[in-house]
Novice: 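Mind looking over this structure? Questions follow.
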Amino acid sequence: MEPVEGADRDDMLRKRDVTKPLKVSLDVYSGIRIGRSNSESFEENNKLATVTLLRSYMSDRVTRHVVESGGFYGTFFMPSGDGLFPGVIDIWGFTGGLREDRAALLAANGFAVLALAYCAFKDLPERYGLLQVSYFESAIDWLTSQPKVKSGGVGLVGLSNGGTLALALAAQLGEKVKAVVSISGYPMLIGCSLASHTMTIPGYPVDLDPSKGSCYSQFLAIFTSKDICKIGSPWTIPVEHICCPVLLVHGLADQLVPDIEWMCEEIFRRMQQSGKESLCQKLALPGASHFITPCYISHPVQGNISKYSMKCG
């Protein structure tokens with residue numbers, strides 16, 4: 001397979017414009033092509049068959065609305081029907097920006113979903129800045145105020161640093177968070193800090209010095225140090241304060257956070273010590289890597305992760 005130049009997708013085959021399906025064209029030719037020399041061309045052989053596959057993110061029964069008021073940035077996906085629909089806020093990882101693929105798919109399954117940007121987007125802080133709990137709380141209040149959305153709280157789903165932030169928000173916002181799905185999330189803040197009117201969780205200091213190697217290698221050194229998870233460390237998330245159900249999803253072939261299984265065990269252990277083991281479940285996926293994405297999206301291997309990390313530096 002070879003990528004089409006200028007295609008509307010990133011290195012992990014996620015569509016940027018979820019209103020249009022991802023098109024995958026498969027052509028079968030006679031003969032064998034070895035290597036990727038520009039002098040060779042599939043067109044030199046006879047085409048035997050062709051088919052185009054469409055991978056849709058957004059159902060025609062879902063509406064999409066850009067939200068840039070209320071003190072936050074996001075995209076709101078609402079299912080058709082009278083409701084009331086459970087509200088979910090989708091939070092991306094440490095690269096920031098605004099991702100909509102998972103939110104669109106969740107909305108197709110009956111959830112009112114707000115894909116929320118929190119850093120590296122428009123005038124928001126860079127990914128290693130100070131984040132305010134009030135920013136996320138404003139988004140929660142806005143979502144639960146929508147006429148067709150259930151009131152009383154929302155679910156949070158996040159990947160990587162987004163999963164970590166979901167845990168940290170649940171530990172501070174009480175009844176406003178009804179459930180958390182943390183995908184490849186870890187029990188400490190790294191780089192970014194999270195502040196509220198009652199407490200601040202500082203981020204583990206990150207100094208991305210290009211002379212010290214790629215982002216991947218520097219983060220790998222941080223993740224493999226269990227010292228950052230010690231009880232009492234200032235950047236450790238007080239997961240024992242969480243009072244809602246938590247699902248910890250992680251891959252057993254995670255090459256970015258090799259100790260993710262141990263970290264999820266640490267979250268479970270601390271909730272268990274607080275008498276909340278019934279609220280916490282773990283889902284370990286054999287063969288899955290760090291970027292556990294919706295179905296039919298390619299999974300990055302080691303080389304892609306290294307390339308992806310270096311581009312983010």
Side-chain angles (χ1 to χ4, degrees), residues 89-96 116 118-119 125 127-137 139-140 153-206 219 222-250 254 256-283 290 292:
I89 291 182
D90 187 5
I91 309 172
W92 185 242
F94 75 93
T95 54
L116 183 65
Y118 66 91
C119 68
R127 56 184 178 271
Y128 304 109
L130 176 64
L131 305 177
Q132 299 291 338
V133 171
S134 59
Y135 177 87
F136 299 91
E137 191 171 13
I140 293 173
V154 302
L156 301 178
V157 57
L159 170 66
S160 190
N161 190 60
T164 299
L165 285 173
L167 293 168
L169 291 168
Q172 297 191 57
L173 291 178
E175 293 297 323
K176 289 192 175 185
V177 179
K178 294 299 184 183
V180 170
V181 178
S182 174
I183 305 170
S184 303
Y186 24 90
M188 77 293 292
L189 290 180
I190 297 177
C192 63
S193 301
L194 186 65
S196 68
H197 64 280
T198 58
M199 67 178 296
T200 296
I201 305 176
Y204 184 83
V206 175
F219 270 95
I222 294 173
F223 286 130
T224 53
S225 173
K226 292 187 176 65
D227 291 339
I228 63 176
C229 290
K230 287 183 178 179
I231 296 176
S233 298
W235 36 80
T236 300
I237 297 170
V239 294
E240 55 274 8
H241 295 169
I242 297 175
C243 56
C244 68
V246 174
L247 177 62
L248 304 172
V249 183
H250 66 279
D254 191 329
L256 180 59
V257 189
D259 284 330
I260 189 66
E261 186 173 13
W262 177 86
M263 292 179 178
C264 289
E265 287 286 351
E266 177 68 8
I267 295 171
F268 179 83
R269 183 189 66 80
R270 287 168 54 197
M271 292 189 69
Q272 183 182 47
Q273 286 184 337
S274 299
K276 299 178 180 179
E277 66 272 17
S278 62
L279 295 178
C280 188
Q281 296 186 49
K282 296 169 292 179
L283 177 60
H290 185 74
I292 300 174

Novice: A side-chain contact here means heavy atoms from C-beta on lying under 4.5 Å apart; do His250 and Val257 qualify?
Specialist: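 They are not in side-chain contact.
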Novice: Let me see the working for Ile242 and Val180 under side-chain contact (heavy atoms from CB on, under 4.5 Å), right down to the final yes or no.
Specialist: CA-CA 10 Å; Ile242 297 175; Val180 170; 5.5 Å; no
Novice: Might you point out which heavy atoms bring Phe268 and Cys280 nearest each other, and give the distance in Å?
Specialist: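 Heavy-atom minimum between the residues: CE1-O, 3.5 Å.
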Novice: Could you grab the distance from atom CG of Leu156 to atom SG of Cys244, nearest 0.5 Å is fine?
Specialist: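 The distance works out to 7.5 Å.
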Novice: Is Glu261 salt-bridged to Lys282, going by a charged N under 4.0 Å from an acidic O?
Specialist: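 No, no charged N to carboxylate O under 4.0 Å.
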Novice: Measuring from atom CG of Leu248 to atom CD1 of Ile267, what distance do you get when rounded to the nearest 0.5 angstrom?
Specialist: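 The CD1 atom of Ile267 is 5.0 Å from CG of Leu248, to the nearest 0.5 Å.
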Novice: Considering all heavy atoms of both residues, which atom of Pro202 and which atom of Leu189 are nearest to each other, and what is their separation?
Specialist: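 Between these two residues, the closest heavy atoms are O-CB, 4.1 Å.
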Novice: Lys276: which residues meet the salt bridge (Lys or Arg N to Asp or Glu O under 4.0 Å) condition with it, sequence neighbours left out?
Specialist: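 If we apply the salt bridge (Lys or Arg N to Asp or Glu O under 4.0 Å) test to Lys276, skipping adjacent residues, there are no hits.
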Novice: Within the structure provided, determine whether Val133 and Leu194 are in side-chain contact (heavy-atom separation under 4.5 Å).
Specialist: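 A side-chain contact exists here, since the closest heavy-atom pair is under 4.5 Å.
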Novice: Distance check, rounded to the nearest 0.5 Å: Gln273 atom CD versus Glu240 atom CD?
Specialist: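 Atom-to-atom, Gln273:CD and Glu240:CD are 8.5 Å apart.
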Novice: Given side chains that start at C-beta, do those of Arg270 and Pro187 come closer than 4.5 Å, heavy atoms only?
Specialist: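 Of all side-chain heavy-atom pairs linking Pro187 with Arg270, at least one is under 4.5 Å.
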Novice: Could you measure the distance from the SG atom of Cys264 to the CD atom of Gln281? Nearest 0.5 Å is fine.
Specialist: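 That separation rounds to 13.0 Å.
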Novice: Checking Ser193 side chain against Leu130 main chain: does a donor-acceptor pair fall under 3.5 Å?
Specialist: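 Such a contact is absent between Ser193 side chain and Leu130 backbone.
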Novice: Answer yes or no: is there a side-chain heavy-atom contact under 4.5 Å between Ile201 and Pro238?
Specialist: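 Heavy-atom side-chain distance check passes, below 4.5 Å.
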Novice: Around atom CD of Gln272, are there more than 12 heavy atoms of other residues, nucleotides or ligands at under 6.0 Å?
Specialist: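 Buried by this count: over 12 neighbours within 6.0 Å.
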Novice: Side-chain contact, heavy-atom cut-off 4.5 Å: Leu169 with Ile89?
Specialist: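 In short, these two side chains do not touch, never coming nearer than 4.5 Å.
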Novice: Could you grab the distance from atom CG of Leu131 to atom CG of Asn161, nearest 0.5 Å is fine?
Specialist: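 Nearest 0.5 Å value for the CG-CG distance: 8.0 Å.
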Novice: Just so I know, are the side chains of Ile183 and Leu247 near enough to count as touching, which here means a heavy-atom distance under 4.5 Å?
Specialist: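 No, every pair of side-chain atoms sits at 4.5 Å or beyond.
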Novice: What are the two closest heavy atoms between His290 and Leu256, and how far apart are they?
Specialist: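 Looking at all heavy atoms of both residues, the closest pair is CD2-CD2, 3.5 Å.
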Novice: Enter the distance from Ile190:CD1 to Tyr204:OH here, rounded to the nearest 0.5 Å.
Specialist: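 One gets 8.5 Å once the value is rounded to the nearest 0.5 Å.
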Novice: Let's go through Asp259 and Tyr186 carefully: what are the C-alpha distance in whole Å and the side-chain angles of both, what is the deciding distance for side-chain contact (heavy atoms from CB on, under 4.5 Å) to 0.1 Å, and is it a yes or a no?
Specialist: CA-CA 9 Å; Asp259 284 330; Tyr186 24 90; over 6 Å; no
Novice: Glu137 versus Gln172: any side-chain heavy-atom pair under 4.5 Å?
Specialist: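 The answer is no, as the side chains (C-beta and beyond) never meet within the 4.5 Å cut-off.
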Novice: Taking the six-membered ring for Trp, are Tyr118 and Phe136 parallel (under 30°), tilted (30 to 60°) or perpendicular (over 60°)?
Specialist: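 Tyr118 and Phe136: tilted rings.
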Novice: Under 3.5 Å, side chain of Ser184 to main-chain N/O of Leu159, donor-acceptor pair present?
Specialist: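 Between the backbone of Leu159 and the side chain of Ser184 there is no qualifying donor-acceptor contact (under 3.5 Å).
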Novice: Side chains of Leu279 and Val246: does their closest heavy-atom pair fall under 4.5 Å?
Specialist: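 When only atoms from C-beta onward are counted, Val246 and Leu279 do not touch, as no gap falls below 4.5 Å.
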Novice: Search all heavy atoms of Ser182 against all heavy atoms of Leu167 and return the closest pair with its distance.
Specialist: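 Taking every non-hydrogen atom into account, OG-CD1, 3.9 Å.
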